[in-house]
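Here the structure comes first, spelled out in structure tokens, and everything after it is commentary.
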Amino acid sequence: MSSRWPLVVTGLVAGLVFGAAAVGIPWALTSGTPTGTDADVAASCAAIARTDNSLDPAAHYADLRRWGAAAELAAAAAEADPSLKPLSEALRKPIDIVSARFSADGPEYAAAVTNARQACADATS
């Protein structure tokens, strides 16, 4: 009487390998993560999406810093791909206004924030 364990183990291993391939191959082919400038744009716009519209340095310093980091990341992407320069400039404008006035108020500031959010929507769609 021979043992059936080698046959059972071989069948189990083959099933696991084929099952992993059946799940893993389609997942790998369809779940790409952005790389290069696409990743920079996605990260920049994700940070912008997480911030409030008020970048008041006295009340929301973390949001101001987050927006500044997003603007710098967009600038790095624009350096590699000049077509991203409008996005970079749009994200930088609210920071420039706050830096010049130390205030996050007024119609120019509100328009800059709206334009920056629209630039992100356009870049990530």
Side-chain angles (χ1 to χ4, degrees):
M1 182 168 164
S2 66
S3 174
R4 293 186 182 206
W5 280 110
L7 184 59
V8 171
V9 171
T10 301
L12 182 60
V13 169
L16 287 173
V17 168
F18 288 122
V23 172
I25 290 172
W27 174 77
L29 293 175
T30 61
S31 67
T33 56
T35 59
T37 57
D38 290 341
D40 290 345
V41 169
S44 293
C45 291
I48 295 299
R50 290 179 45 217
T51 61
D52 213 4
N53 279 348
S54 174
L55 301 180
D56 181 3
H60 301 280
Y61 195 64
D63 282 343
L64 179 64
R65 293 180 74 159
R66 189 173 294 114
W67 196 294
E72 286 301 313
L73 194 53
E79 193 171 306
D81 180 355
S83 71
L84 296 171
K85 189 169 172 113
L87 173 67
S88 173
E89 291 171 350
L91 296 187
R92 186 78 214 159
K93 183 74 172 171
I95 297 296
D96 291 344
I97 292 170
V98 171
S99 296
R101 299 182 186 156
F102 207 68
S103 174
D105 288 326
E108 183 184 10
Y109 172 78
V113 169
T114 299
N115 290 340
R117 291 192 186 281
Q118 185 60 51
C120 270
D122 293 344
T124 56
S125 61

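Keep in mind it's a predicted model, so treat the numbers as computed, not measured. Along the sequence shown, the residues carry numbers beginning at 1. Any value given below was found using the heavy atoms of this structure, including those in side chains, with hydrogens, waters and symmetry copies removed.
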Gap between atom [atom2] of [Y] and atom [atom1] of [X] - 0.5 Å precision:
X: T124; Y: D38; atom1: OG1; atom2: CG; answer: 11.0 Å
X: K93; Y: T114; atom1: NZ; atom2: OG1; answer: 13.5 Å
X: Y109; Y: I95; atom1: OH; atom2: CD1; answer: 7.5 Å

Quick check against the 3.5 Å criterion: does [X] have a side-chain atom that pairs as donor or acceptor with the backbone of [Y]?
X: S88; Y: A78; answer: no
X: S125; Y: A121; answer: yes
X: W67; Y: I48; answer: no

Let me check something: do I97 and L55 share a hydrophobic cluster, defined by ILVMFWY side-chain heavy atoms less than 4.5 Å apart, either directly or through other members?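 Result: yes, single cluster for both.
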Tell me whether L73 shares a hydrophobic cluster with V98, the cluster being built from Ile, Leu, Val, Met, Phe, Trp, Tyr side chains joined at under 4.5 Å.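 L73 and V98: separate clusters.
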Ignoring hydrogens and geometry beyond distance, is a side-chain donor-acceptor pair present between S83 and D81 at under 3.5 Å?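 Per modelled atom types, S83 and D81 side chains form a pair under 3.5 Å.
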Side chains of R117 and T51 in contact at under 4.5 Å (non-hydrogen atoms):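 Side chain of R117 against side chain of T51, heavy atoms only: contact under 4.5 Å found.
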Side chain proximity check, R92 to E72, heavy atoms < 4.5 angstrom: yes
Worked verdict on D63 versus N53 for side-chain contact (heavy atoms from CB on, under 4.5 Å): CA-CA 9 Å; D63 282 343; N53 279 348; over 6 Å; no
Heavy atoms only: give me the nearest A90-A116 pair and the separation to one decimal.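 Distance-wise, the nearest heavy atoms are O-CB, 3.3 Å.
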Quick one: closest heavy-atom pair of A74 and S44, and the distance? N-OG, 3.2 Å
